[in-house]
Amino acid sequence: ISIVNNNARIIINIKENTIIKIGAINIWGNKEFASDDLLFDLKVGNSFFDGTMDEVKRNILKKYLTQGFIDCKVDYKSEINESTHSAKIIFSIEEGERAIVGSIDIKGNYRTYDYLIREKITFKIGEPVNPDEIFNTERAIQKIGLFDRVSILDEGKIENTNLHKIIIDVKEKKGMAVELGFGFASESPNNPFYFEDNIIRWHASFKHNNLGGKGESIFARTQLSPHI
């Protein structure tokens with residue numbers, strides 16, 4: 001910073017780093033998907049950034065997870081050549097075994113019919129175990145409004161196969177509620193403290209949110225006002 005005639009002059013020196021370009025991309029261990037299907041927009045000649053590599057790694061892992069490879073592992077390493085200002089990227093993949101939905105069981109629905117829950121399931125027996133669809137199903141069942149808790153669990157393999165047992169575990173809300181109460185009301189609007197003509201008002205209400213286990217609701221309210 002220099003000051004001349006009450007004016008400040010600020011000089012900022014910038015030293016740019018050398019841009020590293022991707023010179024080669026290798027993928028090891030992929031059998032289910034072709035390499036080109038896993039790289040997305042990553043290409044030779046692109047600028048090299050660790051953040052971009054992390055994003056590609058996450059996208060590769062998600063692709064495998066949504067196809068049932070729930071034990072898949074993905075990693076990468078980079079080899080920088082300072083003389084050519086280039087990077088060699090190597091992705092290593094351990095695919096593991098594809099998990100298939102073998103059965104779907106429901107528990108915890110003591111009052112609610114199974115079909116109300118099953119019609120919200122977004123995956124089927126014989127399809128790959130997909131964490132995204134499990135999450136979507138949990139949300140859809142929760143929106144029915146009959147449960148305090150919904151959780152979907154993969155309880156592992158059925159015997160020695162790649163078929164997995166899926167459990168939908170719910171905790172039902174209280175289906176029935178009864179409310180009783182009373183209050184006072186004056187028949188003399190000009191004197192609210194005139195208790196001789198006051199009325200005690202009793203009221204009762206009944207609500208059921210899951211009538212017959214079919215998710216149907218009923219509400220009733222009555223009021224009784226005898227003189228005292």
When every non-hydrogen atom of A87 is compared with those of I80, the smallest separation belongs to CB-CD1, 3.5 Å
Note, N59 side chain near K63 side chain (heavy atom, < 4.5 Å): no
Do I121 and E119 pass the side-chain contact (heavy atoms from CB on, under 4.5 Å) test, and can you show the C-alpha distance, the side-chain angles, and the key distance before you say yes or no?
CA-CA 6 Å; I121 300 174; E119 66 184 9; over 6 Å; no
Could you tell me whether E97 and K157 have a side-chain N and a carboxylate O separated by less than 4.0 Å?
yes
Is there side-chain contact between K171 and F147, with heavy atoms separated by less than 4.5 Å?
no
When every non-hydrogen atom of C72 is compared with those of I93, the smallest separation belongs to SG-CG2, 4.0 Å
Practice task
Answer with yes or no whether the hydrophobic clustering places I60 together with F49; edges join I, L, V, M, F, W, Y residues whose side-chain heavy atoms lie under 4.5 Å apart.
Solution key: no
CG of D132 to OG1 of T66, rounded to nearest 0.5 Å, is 6.5 Å
Looking only at heavy atoms, the pair that brings M53 and I89 closest together is SD-CG2, 3.9 Å
Margin query: Using a 6.0 Å cut-off, check whether atom CG of D50 has over 12 heavy atoms from anything other than its own residue.
Written below: yes
task = In plain terms, say whether E95 and K73 are close enough for a salt bridge, that is, a side-chain N and a carboxylate O under 4.0 Å apart.
result = no
| message | I'd like to know whether V170 forms a side-chain contact (heavy atoms from CB on, under 4.5 Å) with K107, so could you lay out the CA-CA distance, the side-chain angles of the two residues, the decisive distance to 0.1 Å, and finally the verdict. | response | CA-CA 6 Å; V170 299; K107 69 177 185 179; over 6 Å; no
- Query: With side chains defined as the heavy atoms from C-beta onward, is the minimum distance between I158 and S103 less than 4.5 Å?
  - Reply: yes
Separation between CD1 (I22) and OG (S47), nearest 0.5 Å, reads 8.0 Å
What one should report as the nearest heavy-atom pair of T137 and I152 is CG2-CD1, 3.5 Å
Exercise for the section: Treat each ILVMFWY residue as a node, draw an edge where side-chain heavy atoms are under 4.5 Å apart, and state whether V101 and F135 are in one component. Expected result: no
* Asked: Tell me, do L61 and F69 make a side-chain contact under 4.5 Å, heavy atoms counted?
  -> no
Output for pair (I20 CD1, S86 OG), nearest 0.5 Å, gives 7.5 Å
For N26 and K88, the nearest pair of non-hydrogen atoms, with its separation, is ND2-CE, 3.1 Å
> Are N130 and N136 side-chain neighbours, meaning at least one heavy-atom pair lies under 4.5 Å?
Replying inline: no
Worksheet entry | Side chain to side chain, N30 and S35, heavy atoms closer than 4.5 Å | yes
Would you kindly confirm whether I90 and F48 end up in one hydrophobic cluster when ILVMFWY residues are joined by side chain heavy atoms under 4.5 Å apart?
no
**Request:** Decide whether T112 and E172 meet the rule of one side-chain donor and one side-chain acceptor closer than 3.5 Å.
**Result:** yes
Exercise. So, do Q67 and R98 sit near enough that their side-chain heavy atoms are less than 4.5 Å apart?
Worked result: yes
Is there a donor-acceptor contact under 3.5 Å from the side chain of T122 to the main chain of E133?
yes
| said: As a quick check of understanding, evaluate side-chain contact (heavy atoms from CB on, under 4.5 Å) for H85 and I19, giving each step before the final call. | reply: CA-CA 7 Å; H85 306 302; I19 296 176; over 6 Å; no
Co-membership, hydrophobic cluster, residues L42 and L38, 4.5 Å side-chain | yes
For F33, the ring-ring contact (aromatic ring centres under 6.0 Å, His included) test, sequence neighbours excluded, returns Y64
Is there a path of hydrophobic side-chain contacts, each under 4.5 Å between heavy atoms of I/L/V/M/F/W/Y residues, joining I104 to L163? no
Taking R149 for the side chain and Q142 for the main chain, is one N or O donor matched with an acceptor at less than 3.5 Å? no
The single option from I166, I117, D169 that satisfies side chain to side chain contact (heavy atoms under 4.5 Å, CB included) with I106 is I117
Evaluate whether atom CZ of F40 has more than 12 neighbouring non-hydrogen atoms of other residues, nucleotides or ligands under 6.0 angstrom away. yes
If you draw a 6.0 Å radius around CZ in R139, do more than 12 non-hydrogen atoms from other residues or ligands fall strictly inside? no
Query raised in the report: Under the side-chain contact (heavy atoms from CB on, under 4.5 Å) criterion, do L146 and K173 qualify, and how do the steps go?
Result: CA-CA 6 Å; L146 301 178; K173 293 181 178 179; 5.9 Å; no
When every non-hydrogen atom of I125 is compared with those of G102, the smallest separation belongs to CG2-O, 3.7 Å
Q) Is the shortest heavy-atom distance from the side chain of V129 to the side chain of I100 under 4.5 Å? A) no
Applying salt bridge (Lys or Arg N to Asp or Glu O under 4.0 Å) to K57 and not counting sequence neighbours gives D75
